[in-house]
Amino acid sequence: MTTGREPPRTARPRPPGRGVPLALLVPALLGLAFLLVPLLALLLRAPWRSLPEQLTSPAVWEALRLSLLCATMATALSLVVGVPLAWLLARTEFPGRGLVRALVTLPLVLPPVVGGVALLLALGRNGVVGQWLDAWFGITLPFTTAGVVLAETFVAMPFLVISVEGTLRAADPRYEEAATTLGASRFTAFRRVTLPLIAPGIAAGAVLAWARALGEFGATITFAGNFPGRTQTMPLAVYLALQNDPAAAIALSLVLLAVSIAVLAGLRDRWMRTV
């Protein structure tokens with residue numbers, strides 16, 4: 001028996017992207033334009049005809065080689081000490097852990113020049129630690145290639161630590177506990193169980209750290225100087241060329257832009273894909 005009434009109609013959900021309020025659309029487009037216009041200006045003003053000549057100069061290749069080498073070494077150093085630090089922050093409880101986490105992330109907001117000054121005061125020839133390195137081992141770090149690596153590690157390692165710590169917090173610790181109950185040591189459980197679980201997070205953090213190290217400028221020029229062939233990386237070469245040869249500065253900037261786009265594309269396709 002029917003009552004003659006029609007079933008109530010349910011409202012159809014609007015497809016995403018429709019009905020955007022004008023008060024949100026206008027500032028969103030302005031923000032997008034603010035981010036894209038400078039990059040488009042770089043492409044429009046690029047000396048495309050002389051670009052091959054600019055990029056094949058020995059100075060450019062030397063700066064590029066040094067940048068890639070130092071960024072890779074800084075990333076490797078960040079992996080060696082950053083992954084254990086991230087595990088310590090994510091898996092252990094100790095007094096002052098919040099303060100330690102804040103100090104680890106401090107280089108993210110600290111002006112890079114201030115970081116370079118701090119490195120000089122700590123590792124310089126008359127620094128808190130550097131004076132003993134010079135007196136005991138004859139090691140001088142400022143204004144050397146090793147100084148570039150340390151400066152880049154200082155500003156890049158927090159990206160790795162944050163990425164790995166977040167992955168560790170999302171991973172189920174019961175797998176490690178099960179491994180320890182079966183007789184494995186904590187280090188064996190970390191090496192055989194935890195590392196494979198958090199490998200995507202480590203890879204994403206390493207790529208972010210590498211990209212940050214590649215673009216480092218302030219701490220590098222303050223702590224390591226700007227010596228061609230020894231400490232002059234690509235960002236420093238761009239700064240120097242901008243004063244004497246703007247076309248060369250644009251060409252070098254295009255190289256760094258291409259590297260940055262490649263890094264973001266790799267992260268998007270492999271480790272930051274969302275459902």
Taking only residues two or more places apart in sequence, or in another chain, which ones meet Arg65 in a salt bridge (Lys or Arg N to Asp or Glu O under 4.0 Å)?
Glu62
How many angstroms lie between atom CD1 of Ile198 and atom OG of Ser163, to the nearest 0.5 angstrom?
9.5 Å
Do you see a donor-acceptor pair shorter than 3.5 Å between the side chains of Gln232 and Asn226?
yes
Checking Val81 now: which residues fulfil side chain to side chain contact (heavy atoms under 4.5 Å, CB included) with it, not counting sequence neighbours?
Met157
Mind checking whether Met234 and Leu64 have side chains closer than 4.5 Å, heavy atoms only?
yes
Under the ring-ring contact (aromatic ring centres under 6.0 Å, His included) definition, can you give me all pairs with a residue in residues 56-77, not counting sequence neighbours?
none
Go through the steps for Leu42 and Ile250 under the test side-chain contact (heavy atoms from CB on, under 4.5 Å), then give the verdict.
CA-CA 7 Å; Leu42 182 63; Ile250 296 175; 3.8 Å; yes
Connected via hydrophobic side-chain network under 4.5 Å: Leu22 and Leu30:
yes
Evaluate the side-chain proximity of Thr167 to Pro200: yes if any heavy-atom separation is below 4.5 Å, no if none is.
no
Could you go through residues 202-216 and list every donor-acceptor pair under 3.5 Å that involves a side-chain atom there, pairing it with any protein atom two or more places apart or in another chain?
| from | atom 1 | to | atom 2 | distance (Å) |
| --- | --- | --- | --- | --- |
| Trp210 | NE1 | Thr72 | OG1 | 3.3 |
| Arg212 | NH1 | Glu216 | OE1 | 3.1 |
| Arg212 | NH2 | Glu216 | OE1 | 3.2 |
| Glu216 | OE2 | Gly218 | N | 3.0 |
| Glu216 | OE2 | Ala219 | N | 2.5 |
| Glu216 | OE2 | Thr220 | N | 3.3 |

Quiz: residues 237-247 side-chain donor-acceptor pairs under 3.5 angstrom, not counting sequence neighbours:
| from | atom 1 | to | atom 2 | distance (Å) |
| --- | --- | --- | --- | --- |
| Asp245 | OD1 | Ala247 | N | 3.4 |

Qualifying side chain to side chain donor-acceptor pair (under 3.5 Å) pairs, either residue in residues 140-162, two or more places apart:
none
Other residues, nucleotides and ligands only: do more than 12 of their heavy atoms fall within 6.0 Å of CZ on Arg169?
yes
If you define the side chain from C-beta out and look only at heavy atoms, does anything of Leu43 sit under 4.5 Å from Leu257?
yes
Tell me whether Val60 is reachable from Leu256 by hopping between hydrophobic residues (I, L, V, M, F, W, Y) whose side-chain heavy atoms are closer than 4.5 Å.
yes
Of all residues at least two apart in sequence or in a different chain, which pass the side chain to side chain contact (heavy atoms under 4.5 Å, CB included) check with Leu25?
Val20, Leu29
Report all side-chain donor-acceptor pairs from residues 90-107 shorter than 3.5 Å, counting only partners two or more places apart or in another chain.
| from | atom 1 | to | atom 2 | distance (Å) |
| --- | --- | --- | --- | --- |
| Arg91 | NE | Glu176 | OE2 | 2.8 |
| Arg91 | NH1 | Leu168 | O | 2.8 |
| Arg91 | NH2 | Leu168 | O | 3.2 |
| Arg91 | NH2 | Glu176 | OE2 | 3.1 |
| Thr92 | OG1 | Leu88 | O | 2.4 |
| Glu93 | OE2 | Arg97 | NH2 | 3.2 |
| Arg97 | NH1 | Leu89 | O | 3.2 |
| Arg97 | NH1 | Thr92 | O | 2.8 |
| Arg101 | NE | Glu165 | OE2 | 2.8 |
| Arg101 | NH2 | Leu89 | O | 3.3 |
| Arg101 | NH2 | Glu165 | OE2 | 2.9 |
| Thr105 | OG1 | Arg101 | O | 3.1 |
| Thr105 | OG1 | Ala102 | O | 3.1 |

Go through it in stages, so that I can follow the logic: the residues are Leu236 and Thr233, the test is side-chain contact (heavy atoms from CB on, under 4.5 Å), and I'd like the CA-CA distance, side-chain angles, deciding distance and then a yes or no.
CA-CA 5 Å; Leu236 273 63; Thr233 57; 3.6 Å; yes
Can you list every ring-ring contact (aromatic ring centres under 6.0 Å, His included) pair that touches residues 101-156, not counting sequence neighbours?
Trp132-Trp136
Quick one: salt bridge (charged side-chain N to carboxylate O under 4.0 Å, His left out) pairs with a partner in residues 39-51, sequence neighbours left out?
none
Has the side chain of Thr75 got a donor or acceptor atom that lies under 3.5 Å from a matching backbone atom of Ala71?
yes
According to the salt bridge (charged side-chain N to carboxylate O under 4.0 Å, His left out) rule, which pairs have a member within residues 116-134, sequence neighbours left out?
Arg125-Asp134
Side-chain heavy atoms nearer than 4.5 Å, only ILVMFWY residues, links allowed to pass through others: does that put Leu66 and Val148 together?
no
To the nearest 0.5 Å, what is the distance between CG on Leu141 and CZ on Phe223?
5.5 Å
Do Val114 and Leu119 belong to the same hydrophobic cluster, where Ile, Leu, Val, Met, Phe, Trp and Tyr are linked whenever their side-chain heavy atoms lie under 4.5 Å apart, directly or via other members?
yes
Is there a path from Leu79 to Val164 through hydrophobic residues (I, L, V, M, F, W, Y) whose side chains come within less than 4.5 Å of each other?
yes
Contacts of Trp48 that satisfy ring pair (Phe, Tyr, Trp, His ring centres under 6.0 Å) - sequence neighbours left out
none
